[in-house]
Trainee: 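Questions regarding the structure given below will be posed in turn.
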Amino acid sequence: MSSTKPPPAAESTSNQHVDSVTSSTTGESNSGWAEKVTASNGVRSLYLSLTTHLIIAIVLTLWVIVPENQTDRLSPVVIDFSTEPEKEWGETKGDDTAATLLTEAAEKDNPQETSKDSADTSKEKTNTAKGQPSQPMLAIEPKREPTPENSVLKNAPMQSQQSRRVPKQMETSKKTQDTKTVPAVNGQMTTASRADAKIALAQRSGSARGKTAVAKGGSPSSEAAIERGLLWLARHQAANGSWSFDHPYCTNPFGQPLEQCLCRTKGYIEGHTKASTSIALLPFLGAGNTHLNGPYKEVVYRGLEQLKTTLDIELKELHPESPDFVSTFSGDLYGYGITALVMAEAFGMTGDPDLERYVNALSVFLARHQHPLGGWRYELGQPGDITVTGWQVVALKSSQLAGAPVHSDIFRQVDHFLNSLTPPAFSRRQGQAQVVANQAGGINRDPTRYHYLASFANSTTREPGECTSAVGLLCRLYTGWNRNDPRLLQGVNQLLKSNTHPALLLYRNFYLAQILIHIDHPSWDQWNRRNRDFLVRSQVTETTRTDQRNPAFGSPLCEIGSWYLTNPRGTTKNAIRDRHLAPAGRLAHTALAILTLEVYYRLLPVYKPAAIE
């Protein structure tokens, strides 16, 4: 039988070969164990995976801690609402504790904000508990010198990085002649430029939004309320990108479509899709969302596309090369004004060249259809009313700051129209100081209050409304009155003395907040705190809908994040809800409440401080 044992000679030869290889290099004998380990494919894969994860971890760590890479990133801070003064007003009780855009850096800049607000709100709560009526805002005399203005922001945020290009500067006739110099306490005031507008628009997003909100009177709860409101608006956008005042369909909080929207108090305006879509888009733009950037960029994109589709078939000014183009325009100048404002803001925030043609075309359209008496109304050829005219004025001013060629004569005509809305000066109530009257129609008129229509101006039975007066005073700022004008100050003081329930003043306060922050009124802090906290605690949330003391008690889940303000003590229809907004329903209430809470960083500048030369 043959043996399986190898020959001794062969074994010896093999051993000699191994010995010779091993003794040839001392280093290889020391690393032989590594070769045996790495010879396994599994070990190699594990080693490669660990190395890759280590490199990724190092890169992410560097990206997080390097300040230069945090320019456009939000730094949310978790706010414990148990220490917030707003909780004393019963508004959130812990809702969305992490959903604020106030940054840690902003809180460090103003560490006394929380304690200050807490003291103020505690006092207000004590007064309420004792049954004492709310005191009106402190008014100032027209000749009183306002408080010194804040200095110019030293580290103004640069233009948003989503800007693709800067639109070319467009010449406007008589622009130099219309530049007004307004005296101020610590210097001069000059009209704002496009560069100032870009800086203001950049403050709507990123860390700049939180810092600006803190500096001008916002709170963690107001920012959280804005985010809840934006979510409600997004859930009620139609599949084609539009919104409607009756919003028949919506999605639930999980994004699933519902067969029917269960929200109550819907609007009853049919059609007018441009107005409803535009008023819903403005809060998204105000919070820094565009069709290119932001958590709601898809929502904004679909909304803008729907508006552009409508304008393409209605607006002849978009087709100058087609003289045979037949416009399908059917009225609704109200909607065109708000749409023009949306396009101007979206273009100013992004520089998207596709939007520029719409901004220019809408500016030409609105200028062409201004009534000879200086105003606008719903249909072409109608003498103007104050509310429609107000939207056109703000839209045209925003378009001008975005680069559109808006002629200064348009604002002069608006000034004449505003004069026609003022009541006779002799109709002033007793106890009110007389101010410089305007000459209009051969009689002296009171320029501190404004009627809805010029036909009401000579009435002996009609009094100018608070809302229409607020619109008129804001328009005066845009048409040239300076911030220290005694007529403006007295008009504002009259509005601040109002005892009307705030639920009936949402539309008025939307305009009044803009005026007060524009002119840096001494009563801003006190008025803003009350109005801000009222809006926050009036929003439908998981907490307020289960609180029997809150007007939102019993609201369906679909309404979470929305507003519809009512006066529980009202006895008539006009004493229960804001009659100006009732036709537009919950959609308009929600949009205007959000816009009012965004006032701290949403406004475009009218004037800017300038050093004395």
Side-chain angles (χ1 to χ4, degrees), residues 134-140 142 146-147 216-218 222 279 282-283 286 341 386-387 389-391 393-394 397 418 421-422 432 435 446-452 463-479 481-536 538 563 565 567 577-581 588-589 591-607:
S134 299
Q135 299 297 323
M137 298 293 102
L138 295 177
I140 59 172
T147 56
K216 295 187 178 181
S222 67
I279 197 69
L282 282 175
L341 179 59
I386 186 65
T387 56
T389 298
W391 284 107
V393 169
V394 177
K397 195 67 178 180
L418 294 173
L421 301 178
T422 55
Q432 292 183 337
V435 299
D446 175 9
T448 67
R449 300 181 297 154
Y450 296 86
H451 282 286
Y452 176 64
E463 281 288 324
E466 292 185 47
C467 178
T468 53
S469 294
V471 179
L473 292 172
L474 179 63
C475 287
R476 291 293 197 182
L477 276 175
Y478 282 104
T479 58
W481 280 13
N482 69 60
R483 59 192 299 168
N484 300 321
D485 193 300
R487 298 166 295 181
L488 175 66
L489 295 178
Q490 180 160 319
V492 169
N493 291 340
Q494 290 170 179
L495 295 176
L496 292 175
K497 294 176 181 178
S498 170
N499 291 321
T500 305
H501 193 281
L504 309 179
L505 297 176
L506 177 59
Y507 205 8
R508 186 209 76 163
N509 289 343
F510 165 69
Y511 289 103
L512 182 56
Q514 298 178 59
I515 299 172
L516 293 175
I517 203 168
H518 268 315
I519 67 176
D520 194 20
H521 196 280
S523 294
W524 164 249
D525 289 339
Q526 183 185 11
W527 182 92
N528 167 67
R529 185 168 56 253
R530 290 185 177 180
N531 185 63
R532 178 198 69 198
D533 293 345
F534 171 77
L535 289 177
V536 171
S538 300
W563 280 268
L565 303 183
N567 176 15
R577 82 285 188 273
D578 191 334
R579 62 186 179 87
H580 300 286
L581 296 177
H589 274 244
L592 289 176
I594 297 173
L595 290 170
T596 304
L597 292 175
E598 292 174 345
V599 71
Y600 317 109
Y601 42 77
R602 189 184 66 82
L603 288 189
L604 291 178
V606 178
Y607 298 110

Trainee: For residues L496 and L516, determine if any side-chain heavy atom of one lies less than 4.5 Å from a side-chain heavy atom of the other.
Mentor: yes
Trainee: Are H451 and T468 side-chain neighbours, meaning at least one heavy-atom pair lies under 4.5 Å?
Mentor: no
Trainee: When you compare the side chain of L535 with that of L597, does any pair of heavy atoms fall below 4.5 Å?
Mentor: yes
Trainee: Is there side-chain contact between V471 and Y450, with heavy atoms separated by less than 4.5 Å?
Mentor: no
Trainee: Run the numbers on K216 and Y601 for side chain to side chain contact (heavy atoms under 4.5 Å, CB included), then give the verdict.
Mentor: CA-CA 8 Å; K216 295 187 178 181; Y601 42 77; over 6 Å; no
Trainee: Using distance alone, with no hydrogens and no angle criterion, decide if E466 and T500 have a side-chain donor and acceptor under 3.5 Å apart.
Mentor: yes
Trainee: Are L495 and L473 side-chain neighbours, meaning at least one heavy-atom pair lies under 4.5 Å?
Mentor: yes
Trainee: Working note: Y600 + R532, criterion side chain to side chain contact (heavy atoms under 4.5 Å, CB included); need CA distance, chi angles, decisive distance, verdict.
Mentor: CA-CA 11 Å; Y600 317 109; R532 178 198 69 198; 3.6 Å; yes
Trainee: Out of curiosity, I386 CD1 to L418 CG, how far, rounded to the nearest 0.5 Å?
Mentor: 5.0 Å
Trainee: My understanding is that only residues two or more places apart in sequence, or in another chain, count here; which of them pass side chain to side chain contact (heavy atoms under 4.5 Å, CB included) with V599?
Mentor: A513, Q514, I517, W524, L603
Trainee: Can you tell which of W563, Y507, Y511 makes a side-chain contact (heavy atoms from CB on, under 4.5 Å) with L592?
Mentor: Y507
Trainee: Using a 4.5 Å cut-off on heavy atoms from C-beta on, say whether the side chain of S498 contacts that of R508.
Mentor: yes
Trainee: Run L489 and V492 through side chain to side chain contact (heavy atoms under 4.5 Å, CB included) and show every step you take.
Mentor: CA-CA 5 Å; L489 295 178; V492 169; 5.8 Å; no
Trainee: How would you list, by chain and number, every residue that makes a side chain to side chain contact (heavy atoms under 4.5 Å, CB included) with T389, sequence neighbours excluded?
Mentor: W376, V393, V414, F417
Trainee: Does any part of the side chain of L505, heavy atoms only, come nearer than 4.5 Å to the side chain of L565, both counted from C-beta?
Mentor: no
Trainee: Does a side-chain heavy-atom distance below 4.5 Å link R449 with E463?
Mentor: yes
